[in-house]
Colleague: 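To start, I am sharing the structure in question, which I have written as structure tokens.
No experiment lies behind these values; they were computed from the predicted model shown.
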Amino acid sequence: MSVLLHNLSREREMENVHLAVEEEDIYSGYNDYNPTFDSEELENDVGFQQAVRTSHGRRPPMTAKFPGTAIGARPLATAFGARIPLASSMGRPMTGAVQDGAARPMTAVRAAGYTSSLTRGSTFDPLGQSKGPAPPLEGKNEDTPEEKIKILEKKVNDLIEESCMAQSIGALQLALEKAKEAGRKERALVRQREQSGNAEHINLDLTYSVLLNLANQYANNEMYPEALNSYQVIVKNKMFSNAGRLKVNMANIYVKQKSYPKAIKFYRMALDQISNAHKELRIKIMQDIGVVFVRMGQYSDAITSFEHIMSESPNIKTGFNLILCYYAIGDRERMKKAFQKLISVPLGIDDEDKYISSNDDNDSNMVIEAIKNDKLHQMERNLKVLAEKYIMTAAKLIAPAIETSFATGFDWCVDIVKSSQYIELANDLEINKAITYLRQKDFNQAVETLKTFEKKDSRVKSAAATNLSFLYFLEKDYDQADRYADLAMTADRYNPAALINKGNTVFVKQDYEKAAEFYKEALRNDSSCTEALYNLGLTYKKLNRLDEALDCFLKLHAILRNSAQVMYQLANLYELLEDPQQAIEWLIQVLSVTHTDPQALAKLGELYDSEGDKSQAFQYYYESFRYYPSNIDVIEWLGAYYIETQFCEKAIQFFERATLIQPTQVKWQLMVASCYRRSGNYQKALETYKDIHRKFPENVECLRFLVRLCTDMGLNEVQEYATKLKKVEKMKEIREQRVKSGRESSSRGRREGSAGSAGVSSSVSSPKMGTLLSNTLSPVYRKTDVKAGERMKVSQPESQQTSPLLDSGRDSAHSSSTKGERLSAKMRSLPGSNEPYEASSPKEIDASYVDPLGPQMERPKTGAKRRVEDDDFADEELGDDLLPE
């Protein structure tokens with residue numbers, strides 16, 4: 001019986017013994033539970049307790065062949081057969097068990113990479129690298145339906161992501177194409193799932209993402225009907241949770257389409273489907289409803305929405321909209337209450353003091369430096385600036401409406417603001433009060449209001465002094481402007497506006513170098529100050545430092561890309577630098593911004609004319625005339641152009657308009673008469689000359705034309721006009737003698753000026769021959785007289801040009817010699833047309849004239865021979881057969 005029990009216990013112990021195998025997995029067996037290590041029964045283990053009480057368990061290891069315990073040297077105390085193991089230790093491995101000479105493991109659970117069989121040549125290899133590389137992974141079979149579905153799903157997700165990224169960079173068309181392709185792929189995916197029998201595993205989230213992205217891209221590309229259809233597909237599908245919120249997007253589209261009733265309907269439907277737990281979302285939807293009511297003009301409904309928001313979750317924007325609604329219906333008391341609510345709205349912004357270092361702690365200073373300009377602080381600053389903007393705008397809006405006078409209303413707003421957290425805005429409101437006085441053209445009240453700031457803090461004092469300086473500058477009181485500019489600079493030396501005002505006052509005194517220094521200092525304080533940069537360019541232009549001026553205006557153009565003034569200055573500088581092509585390019589850019597600027601059009605026509613391109617010059621001059629038909633220079637150029645191109649009839653309308661603009665200038669009426677004469681309408685020309693003579697009876701040029709024209713036409717009024725011409729000549733000579741005698745007499749010094757002015761005033765009616773147009777026309781086109789039959793060009797400075805003139809001989813070529821014989825002997829004694837009539841003898845009359853339109857173009861020569869005047873058979877008698885005898 002004892003032998004049987006002994007064998008049974010040995011078999012059980014051998015079951016728990018794990019011999020080391022050379023190819024054994026070193027990580028196996030960790031999860032196996034071995035009852036040997038059950039510590040609950042150690043108190044009943046006699047052998048364990050004996051080892052604990054005595055030195056039995058602390059014996060040094062016996063020297064043996066193998067490390068560990070002495071196996072085979074001598075029997076151990078726990079060797080098999082020495083005693084029968086207790087029932088409590090039946091499951092534990094025996095410490096002296098050896099099978100076939102193999103070394104036993106140190107413990108039942110071995111450490112990674114260690115073994116007791118040192119004789120077998122095992123090495124430390126915890127990663128199992130000695131076993132060689134791992135077998136290759138099995139390749140996926142992409143032909144299976146599951147793999148195809150996964151690949152297709154990944155493609156759809158990638159397309160959605162690409163569409164969103166394209167939208168973020170502004171490529172809206174590409175984003176829409178990607179969204180459409182994602183929709184096609186998703187439908188193919190659904191069909192493939194249905195064909196494979198997995199229709200119940202359709203990915204609803206993916207379908208929702210595809211439809212929502214497609215609707216958004218349609219809306220971004222302003223394809224509103226398609227976007228509404230896509231949103232409608234999502235909203236009507238009951239399988240999509242929270243799809244009702246998308247009705248807000250549909251309402252936004254209706255707002256863009258100005259379908260405000262439908263927008264209200266969808267906003268309210270979305271509001272009904274959103275629970276009260278989402279308070280902020282409901283507030284935003286109600287705000288949108290109020291804004292739509294404002295656009296519809298239903299202010300009472302808008303007020304209801306805004307008042308509910310201000311009672312539930314007040315914010316700056318809603319408070320401002322509420323004030324606008326009250327202003328629209330004219331409710332003064334509610335405007336005041338709404339303004340008080342507006343300034344009491346909490347912004348949730350921390351005090352600025354937390355961004356100021358107050359101690360020498362380096363760590364805290366580094367933290368403050370890091371958060372001083374981070375995104376959160378920038379957002380706080382922007383929110384505060386927005387709140388101040390709304391408060392200032394609301395105050396300026398309601399101040400004239402809440403009281404009988406705007407001054408009283410401003411005072412009420414200032415008192416309310418002073419008692420709020422925006423106390424620094426009170427001074428700004430006071431300055432706006434002064435500006436309102438200026439808009440009402442009450443200059444004295446504005447100045448008095450601004451002068452009250454002289455004893456306040458430096459910032460407000462500087463702002464008020466700057467405004468005062470500018471006001472006095474506009475009034476051309478440059479001494480006061482200079483005084484207040486100095487005061488503003490003393491209060492705040494880094495105020496760029498004060499430095500600009502100081503530079504302006506120095507500029508008008510023509511101290512350009514000093515003005516440039518003030519403008520440069522303003523730019524050093526504020527590099528984005530466009531006024532200082534513009535004025536600096538003008539100063540360099542005055543100093544003739546054109547390259548530096550060009551540099552200033554090019555920098556300014558980089559900042560103000562669409563400023564017509566800057567581009568015009570650049571064109572003018574290139575013209576001064578003698579680069580007309582660049583000037584033309586910049587003027588064309590000016591016209592791209594201001595299409596109807598007549599001055600720019602005229603300047604462009606002048607540049608093209610200086611380049612010799614008459615057709616382009618005519619086009620721009622004519623466009624300038626269309627937009628501003630009162631520019632004498634443009635009218636004169638167009639009239640001269642038509643005369644030069646032999647279209648005198650078309651030139652008449654321009655000279656007639658010039659006559660309306662300057663009715664006291666006789667030259668325009670003379671040009672009209674000359675155009676009639678050049679076009680062959682002699683009767684109309686004669687009537688025009690007679691009308692001119694009635695208006696200007698002392699005009700010698702008109703009388704000369706009348707004498708010559710009546711002579712050519714054989715009229716009886718020739719002697720009458722000749723007599724009048726003689727009288728006018730005598731009167732002119734007497735005036736000149738008086739002027740000469742007044743200059744020679746020193747005792748008539750005071751009368752010299754009056755006589756000279758009389759001579760000037762009479763120069764209109766009695767100018768020198770050939771200088772009629774030269775002294776009175778614009779600098780663009782001047783005309784001069786030449787000898788009979790000659791034609792020349794007179795060089796003028798810069799863009800001034802000349803037009804051809806006519807002499808009297810050209811225009812009278814049509815008259816016969818018999819008409820000239822009708823003149824009396826006294827008329828035959830008149831001086832030639834080349835002599836100035838002022839110096840003529842008082843006994844002679846100069847009846848010659850010069851055409852103010854210039855010399856007539858010579859008739860082109862033809863192949864026909866000139867008719868011979870002398871007849872070879874004139875002295876011979878003709879017979880009956882008409883042949884010379």
Side-chain angles (χ1 to χ4, degrees), residues 598 601-602 605 609 614-615 617-696 699 701-706 708-710 712-713 715 764 767 770 772-774 776-778 780-785 791 801-808 810-814 849-859:
L601 288 166
D609 187 41
K614 292 285 185 181
S615 60
F618 170 75
Q619 176 185 349
Y620 286 108
Y621 270 121
Y622 191 77
E623 286 295 313
S624 176
F625 174 76
R626 285 180 57 239
Y627 293 118
Y628 183 56
S630 300
N631 191 334
I632 290 294
D633 298 337
V634 175
I635 291 172
E636 181 186 358
W637 191 95
L638 289 171
Y641 174 80
Y642 279 120
I643 291 171
E644 186 178 353
T645 55
Q646 300 298 311
F647 291 100
C648 299
E649 299 87 352
K650 294 184 178 180
I652 292 174
Q653 59 173 330
F654 295 103
F655 292 133
E656 286 179 344
R657 183 174 292 275
T659 303
L660 296 175
I661 297 171
Q662 294 180 348
T664 59
Q665 294 288 334
V666 67
K667 66 174 183 177
W668 305 120
Q669 301 181 41
L670 291 173
M671 287 182 177
V672 172
S674 297
C675 287
Y676 281 124
R677 186 169 47 81
R678 291 281 296 272
S679 60
N681 194 347
Y682 298 107
Q683 187 62 36
K684 187 69 175 176
L686 181 62
E687 293 176 2
T688 306
Y689 281 126
K690 289 181 179 181
D691 185 61
I692 296 172
H693 178 65
R694 283 193 298 270
K695 294 179 181 178
F696 304 95
N699 186 269
E701 196 72 21
C702 178
L703 288 171
R704 291 177 184 276
F705 279 119
L706 282 170
R708 190 57 181 266
L709 193 58
C710 290
D712 294 343
M713 297 177 67
L715 301 178
V764 176
L772 173 66
L773 303 182
S774 178
T776 54
L777 288 184
S778 69
V780 180
Y781 284 95
R782 295 180 182 266
K783 301 177 175 60
T784 183
D785 185 26
R791 183 180 178 184
Q801 295 183 357
T802 61
S803 295
L805 291 179
L806 294 175
D807 67 2
S808 58
R810 292 276 178 216
D811 206 51
S812 59
H814 66 280
Y849 65 93
V850 176
D851 194 341
L853 299 182
Q856 189 175 8
M857 297 288 292
E858 291 186 1
R859 177 177 174 273

Colleague: Could you report the tightest heavy-atom contact between Val634 and Tyr621, atom names first, then the distance?
Modeller: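 Val634 and Tyr621 have their closest heavy atoms at CG1-O, 3.4 Å.
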
Colleague: Can you name the closest pair of heavy atoms from Gly605 and Ala617 and give their distance?
Modeller: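 It is O-CB, 3.3 Å.
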
Colleague: CD/Glu687 to CD1/Ile692 distance, rounded to the nearest 0.5 angstrom?
Modeller: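 The CD1 atom of Ile692 is 12.0 Å from CD of Glu687, to the nearest 0.5 Å.
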
Colleague: Quick one: CZ on Phe654 to CH2 on Trp668, what's the gap to the nearest 0.5 Å?
Modeller: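 CH2 of Trp668 is found 12.5 Å from CZ of Phe654.
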
Colleague: Just how far is it from atom CD1 of Ile643 to atom CG of Leu638, taken to the nearest 0.5 Å?
Modeller: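 Those atoms lie 11.0 Å apart.
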
Colleague: Less than 4.5 Å apart, any side-chain heavy atom of Asp609 and any of Lys614?
Modeller: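 Asp609 reaches Lys614 side chain to side chain.
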
Colleague: Could you grab the distance from atom CG of Leu686 to atom OH of Tyr682, nearest 0.5 Å is fine?
Modeller: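 Leu686 atom CG to Tyr682 atom OH measures 12.5 Å (nearest 0.5 Å).
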
Colleague: Looking at side-chain heavy atoms only, is the closest gap between Lys667 and Glu701 below 4.5 Å?
Modeller: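 They are not in side-chain contact.
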
Colleague: Where is the tightest heavy-atom contact between Ile661 and Ser630, given as atom of each residue plus distance?
Modeller: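 For Ile661 and Ser630, the tightest heavy-atom pair comes out as CD1-CA, 3.5 Å.
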
Colleague: For the residue pair Tyr642 and Phe618, categorise the inter-ring angle as parallel (less than 30°), tilted (30 to 60°) or perpendicular (more than 60°).
Modeller: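 Plane angle over 60°, so perpendicular.
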
Colleague: Are any of the side-chain nitrogens in Arg626 or Glu623 under 4.0 Å away from the carboxylate oxygens of its partner?
Modeller: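 A salt bridge is present here (some side-chain N lies under 4.0 Å from a carboxylate O).
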
Colleague: Val666 versus Cys702: any side-chain heavy-atom pair under 4.5 Å?
Modeller: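 Of all side-chain heavy-atom pairs linking Cys702 with Val666, none is under 4.5 Å.
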
Colleague: Just wondering, are more than 12 heavy atoms of other shown residues or ligands nearer than 6.0 Å to OH in Tyr622?
Modeller: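 No, the 6.0 Å shell around OH holds no more than 12 heavy atoms from other groups.
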
Colleague: Please indicate whether Phe647 has more than 12 foreign heavy atoms, meaning atoms of other residues, nucleotides or ligands, lying under 6.0 Å from its CZ.
Modeller: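 Count not over threshold, so no.
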
Colleague: How far apart are the closest heavy atoms of Arg657 and Pro629, and which atoms are they?
Modeller: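 Of all heavy-atom pairs spanning Arg657 and Pro629, the closest is CD-O, 3.1 Å.
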
Colleague: Could you give me the CA-CA distance, side-chain angles and deciding distance for Ile632 and Gln662, then say whether side-chain contact (heavy atoms from CB on, under 4.5 Å) is met?
Modeller: CA-CA 9 Å; Ile632 290 294; Gln662 294 180 348; 3.7 Å; yes

Colleague: Between atom CE of Met713 and atom CZ of Arg708, what is the distance when rounded to the nearest 0.5 Å?
Modeller: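 Output value for this atom pair is 14.0 Å.
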
Colleague: Is there a donor-acceptor pair closer than 3.5 Å between any side-chain N or O of Ser624 and the backbone N or O of Pro598?
Modeller: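 Checking the backbone N and O of Pro598 against the side chain of Ser624, a donor-acceptor pair under 3.5 Å is found.
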
Colleague: For the pair Tyr620 and Phe625, evaluate ring-ring contact (aromatic ring centres under 6.0 Å, His included) and give the outcome as yes or no after the intermediate values.
Modeller: CA-CA 9 Å; Tyr620 286 108; Phe625 174 76; over 10 Å; no

Colleague: Looking at every heavy atom in both Asp691 and Gln669, which two are closest together, and how far apart are they?
Modeller: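 For Asp691 and Gln669, the tightest heavy-atom pair comes out as OD2-OE1, 4.5 Å.
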
Colleague: Any idea which heavy atoms bring Ala651 and Cys675 closest together, and the distance?
Modeller: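 So the two residues come closest at CB-SG, 4.1 Å.
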
Colleague: Kindly compute the distance separating CZ (Phe696) from CD (Gln665), expressed to the nearest 0.5 Å.
Modeller: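 Here the rounded value is 8.0 Å.
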
